[in-house]
Amino acid sequence: MEELTLREILAATSFRFNKALGQNFISDKNLLDAIVSDSGVGEEDTVVEIGTGAGTLTRALATRAKRVISFEVDRSLEPVLALSLRGVDNAEVVFRDVLKLSDEGLADIVGCPFKVVANLPYYVTTPMVMRFVESDLDVKSLTVMVQKEVADRFVAKAGSADYAAVTLALEMAGRATLTRTVSRKLFYPMPNVDSAVVRLDINRDKLAGENAALLHKLARSAFAMRRKTLANNLSVAFNISKQDAAAYIAEAGFDPLVRGEALTLRDFIKLARTLDKAGVQ
Ligand code: SAM
């Protein structure tokens with residue numbers, strides 16, 4: 001039997017979109033293949049997908065991966081998925097909220113190293129990404145479709161307007177690359193913004209030998225109040241005087257009036273070492 005199109009499946013099952021869940025589906029075959037290709041998923045890989053939707057990306061992933069475990073919160077998609085994933089025997093849909101699952105819960109379901117691939121629901125993009133980046137789970141990479149402006153933040157350069165705490169968090173976890181921009185016209189229903197695909201290759205050893213907890217705290221606090229100087233932000237976050245904060249910044253080799261957004265990861269590592277040596281936590 002010929003494969004049904006996304007619209008035919010949605011019509012046949014009288015599916016009603018839930019906007020609040022960020023339901024904008026992809027049906028374009030070239031785009032689906034391109035996302036799978038960007039992810040580098042191969043026949044040895046177990047894939048965790050977040051947001052099964054109508055299962056179009058799930059199906060495309062299953063043709064290349066060993067196994068796909070796809071999480072979805074909306075049970076009303078069950079009849080849709082029964083049609084769209086018919087005949088696919090290496091994909092499993094789990095009706096659970098990924099944000100409410102513990103690392104242990106996820107590891108129990110998935111059970112091995114995995115790659116995350118997702119056309120993310122836009123209302124929870126950053127928490128979803130951080131949920132995997134900050135966990136101890138054996139995640140090899142994340143390839144995610146997000147709003148273009150969020151993607152720009154993920155891969156921003158130090159000193160640019162898009163540079164943010166999340167940029168640094170991703171840089172500390174590995175290497176992020178924007179692999180393609182995607183027109184809003186390729187989604188159904190069409191959202192108000194264009195999108196982009198970002199791939200993050202995780203390297204859990206990147207901060208080996210550094211005080212990672214201090215570095216994370218420093219990175220978060222540096223962007224807490226964007227219009228304040230780094231010394232101001234550090235003084236609040238670390239409960240030290242502004243003078244002391246400025247002195248540590250100078251000791252690390254930077255202008256005491258510098259703003260956090262001007263420093264690279266390498267610079268933050270230098271400053272974290274200075275704070276660590278001085279016993280500032
Ligand atoms: N993967 C499909 C595609 O590319 O066409 C669907 C993508 S759609 C942008 C996001 C999907 O994530 C929706 O089906 C939505 O119901 C689901 N979703 C929303 N919040 C979720 C959560 N916390 N955990 C798992 N899935 C979620």
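All ligand and atom numbering here is 1-based and tracks the order in the structure.
Near G22, the atoms of ligand 1 lying under 4.0 angstrom from a non-hydrogen atom of the residue are 8 (S), 9 (C), 10 (C). Heavy-atom contacts of E49 reach the following atoms of ligand 1: 1 (N) (cutoff under 4.0 Å). Atom numbering of ligand 1 starts at 1 in the shown order; those under 4.0 Å from a heavy atom of F25 are 5 (O), 6 (C), 14 (O). Taking a cut-off of under 4.0 Å to the non-hydrogen atoms of V98, the atoms of ligand 1 that pass are 24 (N).
More than 12 non-hydrogen atoms from other residues, nucleotides or ligands lie less than 6.0 angstrom from CZ of R184. Counting non-hydrogen atoms of other residues, nucleotides and ligands closer than 6.0 Å to CG of D136 gives a total of 12 or fewer.
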Subject >> Verdict with reasoning, D152 to K148, per salt bridge (charged side-chain N to carboxylate O under 4.0 Å, His left out) >> reply: CA-CA 6 Å; D152 289 339; K148 172 69 171 59; 2.8 Å; yes
**OP:** Could you check D201 against R199 for salt bridge (charged side-chain N to carboxylate O under 4.0 Å, His left out), going step by step and ending with a plain yes or no?
**Re:** CA-CA 6 Å; D201 288 297; R199 170 168 162 177; 3.2 Å; yes
Original post:
Going through the checks in order, is the ring pair (Phe, Tyr, Trp, His ring centres under 6.0 Å) test met by F17 and Y188?
Top reply: CA-CA 10 Å; F17 282 94; Y188 179 68; 5.6 Å; yes
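From the protein, the heavy atom lying nearest to atom 23 (N) of ligand 1 is D97 OD1, 2.8 Å. Summary of contacts: the protein heavy atom closest to atom 20 (N) of ligand 1 is Y123 OH, 2.8 Å. Of the protein's heavy atoms, N119 ND2, 2.9 Å lies nearest to atom 4 (O) of ligand 1. Shortest contact from atom 25 (C) of ligand 1 to any protein heavy atom: F71 O, 3.7 Å. Closest protein heavy atom to atom 11 (C) of ligand 1: G51 CA, 3.5 Å. Of the protein's heavy atoms, E72 OE2, 2.6 Å lies nearest to atom 16 (O) of ligand 1. The protein atom (non-hydrogen) at minimum distance from atom 27 (C) of ligand 1 is V73 CG2, 3.5 Å.
The closest donor-acceptor contact from the side chain of E134 to the backbone of R131 lies at 3.5 Å or more, if one exists at all. Judged by distance alone, the side chain of K66 and the main-chain N or O of E44 form no donor-acceptor pair under 3.5 Å. Of the possible polar contacts, none joining the T167 side chain to the Y163 backbone as a donor-acceptor pair under 3.5 Å is found.
Between S70 and T52, the side chains place a donor N or O and an acceptor N or O closer than 3.5 Å (distance only, hydrogens not considered). D162 and S160 form no side-chain donor-acceptor contact under 3.5 Å, judged by distance and modelled atom types alone.
Using a cutoff of 4.0 Å between basic side-chain nitrogens and carboxylate oxygens, E210 and R273 are scored as salt-bridged.
Ligand 1 lies nowhere less than 4.0 angstrom from a heavy atom belonging to L99. Not close to ligand 1: F187, with no non-hydrogen atom less than 4.0 angstrom away. Residue contacts with ligand 1 leave out M145, since none of its heavy atoms falls under 4.0 Å from the ligand. Distances from ligand 1 to the non-hydrogen atoms of I26 include at least one value under 4.0 Å. Under the 4.0 angstrom criterion for non-hydrogen atoms, M128 is in contact with ligand 1. At least one heavy atom of L120 sits less than 4.0 Å from an atom of ligand 1. Contact between A54 and ligand 1 is absent, with no heavy atom of the residue lying under 4.0 Å from the ligand.
Judged by the 6.0 Å and 45° rule, K217 forms a cation-pi pair with F238.
Polar contact with ligand 1: absent for N24 (N/O pair, distance under 3.5 Å).
Ranked by closest heavy atom to atom 2 (C) of ligand 1, the top entry among L57, T52, T56 is T52.
Sorted by first and then second residue, the side chain to side chain donor-acceptor pair (under 3.5 Å) pairs with a member in residues 258-268 read T264-D267; sequence neighbours excluded.
At a heavy-atom distance under 4.0 Å, no atom of Y122 approaches ligand 1.
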